[in-house]
Every structure is written in structure tokens, then in C-alpha cells.
Amino acid sequence: MVKNDETENENNSLIGYDPLAWMDQEFEDNVAEEIEALPSSSDIDIDDSAFGEDNENADAEYSQSPVHLDASSNIQHVVMLHERLKKVLAANDHIEINASDVASIDTATLQLLVALKKDAVKLQKTVVFDSPSPRFIESAKLLGLRDILGV
Amino acid sequence: MRVVAIINQKGGVGKTTTSANLSHAIAASGKKVTVIDLDPQGHLAVSLGIRTQQHGGIDEVMRGEKTIQQQIIQVRDNLQLITSGARLQEIEQLTENGTHRGDLLKNALQTGLEGQDYVFIDCPPSSGLLIVNALFATDEILIPMTSDFLALQGLSHLMGTVKKFEKVLKKQYTSWLVISRYTPNRKISRQVLNILLSHFPNKILATAIRETTLLAECPSFGKTILEYNPRSRSAKDFCKLAIDFMEGRVMYGKK
């Protein structure tokens with residue numbers, strides 16, 4: 001009985017507010033400034049082929065880890081990548097992102113990957129970057145994201 | 001050589017306990033370690049068995065009166081100590097050097113510690129000039145954190161200070177957190193740890209140091225936990241933490 005009560009109470013927070021929340025806001029503000037410098041996304045032609053007439057096997061594969069990042073990982077592909085990462089996060093406890101082919105990556109994609117890491121931590125899941133390319137590491141370093149991405 | 005400030009302006013979070021036991025555990029693994037007591041209270045020296053103020057300390061080096069080599073005390077195999085010295089508190093009130101006051105420790109460490117693998121700086125529980133000197137002197141900080149709400153509040157303040165320094169000095173600190181005085185059976189401890197993991201993924205060292213009475217007892221004997229009770233779980237915690245720190249092993253979100 002006591003154990004059940006403890007389990008039930010485990011979800012009740014004993015912490016009224018998070019004094020460190022400003023760190024996330026400050027980080028998001030900094031990234032937002034970076035993204036403002038990018039070209040407008042209003043004219044982006046999203047390639048819907050990946051969502052087309054997938055059969056069940058393809059859909060299952062779509063939600064599997066590892067996720068292979070494109071050589072050019074930029075804002076034009078970020079919507080597709082976002083959709084895929086949501087499915088992968090829902091379907092896996094351990095997510096591997098293969099970043100070995102990345103030859104260029106922009107702040108929008110990096111922001112998405114940071115959000116993935118943070119969501120994974122909240123869900124007590126793990127995200128690991130496999131064999132990140134030198135360009136991936138360099139871009140993460142430029143934005144001060146090496147620690148948070150773990151590369 | 002890694003120069004690491006063990007820092008948290010909140011008192012009672014385990015800075016000196018971490019400084020003494022982590023530095024000894026790393027030294028016991030064969031690495032050469034120097035630990036500097038930057039807290040005018042001098043508790044680190046006491047924890048390592050140095051009870052008198054006969055030895056000059058880092059205060060005299062920062063004032064340019066002595067060299068680092070003159071102040072070194074060999075306290076264990078591979079482990080050397082530089083005490084705070086009787087006049088370290090006066091450094092907080094120094095004004096005559098104007099804008100260069102923050103450089104005193106950095107300048108003091110320029111020579112004399114060649115061949116050391118690790119230099120730890122045990123910082124005082126304050127946010128004054130000594131902390132400024134510590135942040136000038138290092139690129140790496142280790143933050144001991146207890147798992148309670150007020151420690152979160154203190155950490156928020158500390159991170160604000162660190163970020164200001166990063167902007168002014170145009171550098172980014174490598175920061176690590178160590179969970180100290182951890183009581184895993186307390187629900188709030190687990191919740192605080194989860195909050196920390198969400199804000200500091202990949203920065204919390206993998207081993208949490210559990211709260212035990214032994215850790216409170218050993219300073220009065222001038223012994224580290226590795227000497228006071230080497231078979232205790234606290235000694236094992238610190239030996240694991242030493243490996244975590246040297247190899248960068250961290251918590252990934254799952255406890």
C-alpha cells in the first residue's frame with residue numbers, strides 16, 4: 001500500500017519552480033538570433049516524397065534508429081527531419097544519429113538536434129551521435145553546442 | 001595540465017570534501033596532482049592533516065612575495081598542497097592594483113607547476129575577488145551540487161556569474177557537475193537530479209557521491225576517506241568519481 005502511494009506520488013513535483021529555466025530561454029534566444037540571419041523559409045519547397053505512398057515496412061523503417069543525416073543538413077530539410085525524429089523518439093529508447101556524412105549543417109538543424117537531446121533527457125531516453133564528421137563538430141563548436149550534443 | 005576550479009558560492013555543498021577526496025583519489029591512481037586552498041577558512045589544509053598556519057600559502061604567491069615552489073607541501077604520494085595562508089582574506093580587499101586584481105592567481109600559476117597532471121583550486125563559498133581570480137586562472141570548472149532546491153537556486157546564480165565571465169573573457173568554460181551528499185531514497189533528490197540532467201546533459205559526472213557520516217568524520221583526523229575507511233562506499237564513490245573525471249564519464253539522462 002505504501003509502495004503504491006509512493007509510486008503514485010512520484011509524478012507530483014516537490015519543486016515549485018525551476019530556477020535554471022532562464023538558461024534554456026537564453027539559449028533559445030541566441031539560436032533564434034542565428035536563425036534570423038538565415039534566408040526566409042517561406043519559399044521552401046518541402047520534398048514530400050518520404051511521406052508519400054509508404055508501405056508498412058517503409059513506415060516501420062522510417063521510425064527506426066539510426067537516423068542518417070544528409071551531407072547537406074540545412075533548413076530546407078529540417079521539416080522532414082523534424083517529422084522523422086519525432087517518430088524515432090517515440091519508437092526508441094536509444095537513438096543513434098549518424099552524422100558521418102555531414103559536409104554542411106546550419107543552425108536550424110542544430111537547433112532541432114539540441115531540442116531532440118533535451119526532449120530525450122526529459123523522457124529518460126538517450127541520443128548519441130555516431131562518427132560525427134569534422135564539419136559537424138566544427139559547426140557545433142562554433143555555436144557552443146559541443147557539450148550539449150555530446151560530440 | 002588541467003587547471004580546475006572547484007566552485008560553488010553556496011556553502012555546504014561539498015567543495016572541500018570533493019577537493020580533498022577527489023584530488024587524493026586521482027593522485028592514488030598515479031597522476032600528479034596539486035590542490036590549492038583558495039578558501040581563507042583553510043579547511044582543505046585541515047582535511048589533509050595540515051593544522052598549523054606555519055606554512056606560507058597562496059596568499060604570499062598572489063602578492064608576489066613568494067614563488068609557488070616555495071609554498072608547496074607534499075601531503076601524500078603524488079599529491080601536493082598549497083595552503084590558503086593567513087592573509088588570503090586580505091586579497092578580497094585589495095584595491096591598489098586596480099584592474100589587474102583579477103589576474104593575481106593566474107599570474108601566480110604561470111610557473112612552478114610544470115609536470116603536474118591536475119591542479120585543483122578549492123574556492124571559497126563567496127562571489128568576491130577570490131572567485132574572480134579563480135575564474136581568470138582556469139578554463140575548467142567543477143561544481144559540487146547537493147540535490148535540494150536551494151542548491152538549484154545557488155547554481156542559477158553561479159551560472160549567471162560564469163556566463164558573464166564567458167562574455168567578458170571571450171572564452172567558454174568546460175564545466176562539470178558532481179552530485180554530492182546524495183540521498184537516493186529521497187524523492188526530491190531524484191527530482192532535482194532530473195532537473196539538472198535536463199539543463200546539463202553530458203555534464204554531470206556519472207558517479208553521485210552519497211551522503212555518509214564517514215565523510216563528515218574523516219576531516220577531524222586529517223585523513224581523506226581513502227585513508228579513513230578505504231573499504232567504505234564513500235571511498236568507492238570517490239575512486240569511481242576520479243575515473244569519471246579523468247575520462248569524462250557522465251550521466252546521459254538515465255539514472
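In what follows, every chain begins at residue 1, and chains take the letters A, B, ... in the order their sequences are listed. All heavy atoms count here, side chains included; hydrogens, waters and symmetry mates do not. As the structure is a computational prediction, the values presented were derived from the model and not from experiment.
Contacts of B:Val250 with chain A are absent, with no heavy-atom separation under 4.5 Å from either backbone or side chain. Using a 4.5 Å cut-off between heavy atoms, B:Ile195 touches chain A through its side chain atoms alone. Using a 4.5 Å cut-off between heavy atoms, B:Gln172 contacts chain A through its side chain alone, with no backbone atom that close.
Checked against side-chain contact (heavy atoms from CB on, under 4.5 Å), A:Asp101 has the following partners two or more places apart in sequence or in another chain: A:His68. Scored by the ring pair (Phe, Tyr, Trp, His ring centres under 6.0 Å) test, A:Phe136 finds A:Phe129 as partners (sequence neighbours excluded).
Note: A:Asp147 leads A:Asp119, A:Val127, A:Val128, A:Asp147 in heavy-atom pairs under 4.5 Å with chain B.
Taking the six-membered ring where the residue is Trp, B:Trp176 and B:Phe245 present perpendicular rings, their angle passing 60° and hence far from 30°.
In this model, no donor atom of one side chain and acceptor atom of the other lie less than 3.5 Å apart for B:Asp237 and B:Thr207.
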